[in-house]
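To start, the structure under review is shown below, and the notes come after it.
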Amino acid sequence: MAAQSYFPVPPGVGMEENFFSLDDILLSQERLPSRTECTFPRLGFLEKSTDSPHILEGSKMELPLWLAKGLYERKRRVLSVELPKVYKEGWRTVFTADPNVVDLHKMGPYYYGLGSQMLNFDSPENPEIAQALLQTFIGRFRRTMDSSQNAYNEDTSAFVEKLDCLEKSLFKSGQSGLNGFQSWEKGQASQLTASSLVLNYRKRKINDLQP
Amino acid sequence: MDASEVEFVAEKEVVQIIPNFSLDKIYLIGGDLGPFNPGLPVNVPVWLALNLKQRQKCRIVPPEWMDVDKLEEMRDLERKEETFTPVPSPYYMELTKLLLNHASDNIPKADEIRTLVKDLWDTRIAKLRLSADSFINQQEAHAKLDNLTLMEVNTIRAFLLDSLNCMYKLRSNLQPGSTKGQSNDY
């Protein structure tokens with residue numbers, strides 16, 4: 001029986017991240033082009049391109065998501081964040097035309113996650129971004145389902161590398177369902193096998209000790 | 001749920017055997033099992049039938065539906081219909097595997113039966129995937145599927161639930177502000 005002793009916290013796919021999810025933590029490392037709306041006094045040492053002691057208003061920087069989210073606030077106008085080009089108009093039309101062709105891993109391995117986080121930044125294109133995310137997911141679902149349920153004991157890496165992390169975890173759960181069924185049908189489910197912990201631990205076996 | 005757990009539940013089904021020993025009626029918690037007389041058929045659950053067969057104390061009578069002609073009919077009907085047809089037994093897959101592995105000498109044309117049941121299974125799984133796909137494509141809220149067996153549901157359950165969860169969360173992005181402060185359970 002495949003009982004897990006460690007249940008990883010799944011990523012929060014919507015606008016709120018899960019604090020404990022490793023996927024969300026890695027996702028928040030993605031850099032976003034942003035522009036400061038006010039000066040940051042005495043922080044000039046962080047900005048290598050200019051020599052001033054302060055970060056001036058209007059300077060363009062690439063900030064990671066966690067920093068941008070923390071600093072963003074509508075009323076005080078500290079920061080304005082630009083959309084990465086994958087979520088802009090041009091790419092959105094590509095996605096609506098045919099979602100299956102795109103290599104989502106290259107577009108940032110966390111396409112859906114980052115897209116949902118971008119909705120926090122109150123850009124005027126928010127409804128279109130949300131709609132594009134949903135339509136892309138639905139369009140790619142068929143391919144993911146078919147290949148995860150049908151590729152038994154085959155090399156799937158060529159297909160999997162074009163998937164975003166969210167789709168990869170879906171693919172994995174589909175594969176595990178398939179593998180469970182196939183191994184039951186072959187009768188492997190009732191065979192006793194040595195646990196991988198024991199094999200890897202390399203305990204001395206009695207057969208090796210006795211000459 | 002594991003496939004082996006579904007098989008365990010399936011072993012409760014009743015099958016007919018012909019014992020070659022005699023025993024008085026036995027009273028188990030699950031029910032009474034009638035007196036065993038050599039040569040007279042008696043109905044027992046599958047787990048007992050398999051155990052007796054392995055100890056060579058009985059002969060298993062194949063269930064009515066495990067017949068080449070009947071299965072061929074059902075397979076052709078399944079291929080014609082777009083929805084799921086009534087299934088020979090709610091545990092047809094598990095019973096086929098168990099009975100054909102342990103008692104294939106008592107069942108005529110065992111290989112053909114295995115092939116036919118596999119065809120039936122493949123057709124049903126293909127229909128299931130088609131309906132899951134249209135479910136997601138049209139973003140329905142709920143669907144009703146008749147005549148599905150536990151084994152079929154079990155193979156697709158993890159994948160479908162995960163993808164429906166993702167779809168739900170992506171959909172809730174479309175209505176901002178209504179989902180702030182949602183609780184997650186671990």
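Below, chain A is the first sequence line, B the second, and so on; all start at residue 1.
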Closest contact, heavy atoms only, [X] versus [Y]:
X	Y	answer
B:Val15	B:Pro63	CG2-CD, 4.4 Å
A:Ser148	A:Gln175	O-NE2, 3.2 Å
A:Leu133	A:Gly115	CD1-C, 3.7 Å
B:Phe84	B:Arg124	CE2-O, 3.4 Å
A:Ser183	A:Gly180	OG-O, 3.2 Å
A:Tyr110	A:Glu30	CD1-OE2, 4.0 Å

Begin with the C-alpha distance, continue with both residues' side-chain angles, and end with the deciding distance and a verdict on salt bridge (charged side-chain N to carboxylate O under 4.0 Å, His left out) for B:Lys127 and B:Glu78. CA-CA 10 Å; B:Lys127 279 192 203 169; B:Glu78 188 78 43; 2.8 Å; yes
Do you know which of B:Asp76, B:Thr96, B:Leu116 makes side-chain contact (heavy atoms from CB on, under 4.5 Å) with B:Leu71? B:Leu116
So, taking the atom named [atom1] in [X] and the one named [atom2] in [Y], what distance separates them when rounded to the nearest 0.5 Å?
X	Y	atom1	atom2	result
B:Lys97	A:Lys186	NZ	NZ	12.0 Å
B:Glu112	B:Ile107	CD	CD1	13.5 Å
A:Leu27	A:Leu22	CG	CG	12.0 Å

If we ignore angles and hydrogens, is there a donor and acceptor under 3.5 Å between the side chains of A:Tyr111 and A:Glu167? no
Can you name the residues of residues 156-167 of chain B that have some heavy atom under 4.5 Å away from a heavy atom in chain A? B:Ala158, B:Phe159, B:Asp162, B:Ser163, B:Cys166, B:Met167
Residues from residues 52-62 of chain B approaching chain A under 4.5 Å (heavy atoms):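 Those residues of residues 52-62 of chain B which would need a heavy atom under 4.5 Å from chain A do not exist here.
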Between B:Asn154, B:Ile136, B:Thr155, which has the largest tally of heavy atom pairs under 4.5 Å with chain A?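 Among the listed options, the one with the most contacts to chain A is B:Ile136.
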Any chance you could lay out the salt bridge (charged side-chain N to carboxylate O under 4.0 Å, His left out) test for B:Lys118 and B:Asp122, step after step, and finish with the verdict? CA-CA 6 Å; B:Lys118 186 94 180 45; B:Asp122 287 336; 3.5 Å; yes
Output the residues of residues 96-105 of chain A for which the shortest heavy-atom distance to chain B is under 4.5 Å, in residue-number order; output 'none' if no such residue exists. none
Which residues in residues 86-93 of chain A have any heavy atom lying under 4.5 Å from a heavy atom of chain B?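 When heavy atoms of chain B are the reference, residues 86-93 of chain A contributes no residue within the under-4.5 Å range.
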Contact class of B:Gln139 relative to chain A, heavy atoms under 4.5 angstrom: side chain
Determine, stepwise, if the pair B:Asn147 / B:Thr85 fulfils side chain to side chain contact (heavy atoms under 4.5 Å, CB included). CA-CA 6 Å; B:Asn147 296 324; B:Thr85 60; 5.6 Å; no
Is chain B contacted by the side chain of A:Leu170, its backbone, both, or neither, given a heavy-atom distance below 4.5 Å? both
With a 4.5 Å cut-off on side-chain heavy atoms, are B:Leu145 and B:Leu128 touching? yes
Run the salt bridge (charged side-chain N to carboxylate O under 4.0 Å, His left out) test on A:Arg142 and A:Asp146 for me, step by step, so that the C-alpha distance in whole Å, both residues' side-chain angles and the decisive distance to 0.1 Å come before the verdict. CA-CA 6 Å; A:Arg142 182 75 206 253; A:Asp146 283 342; 3.3 Å; yes
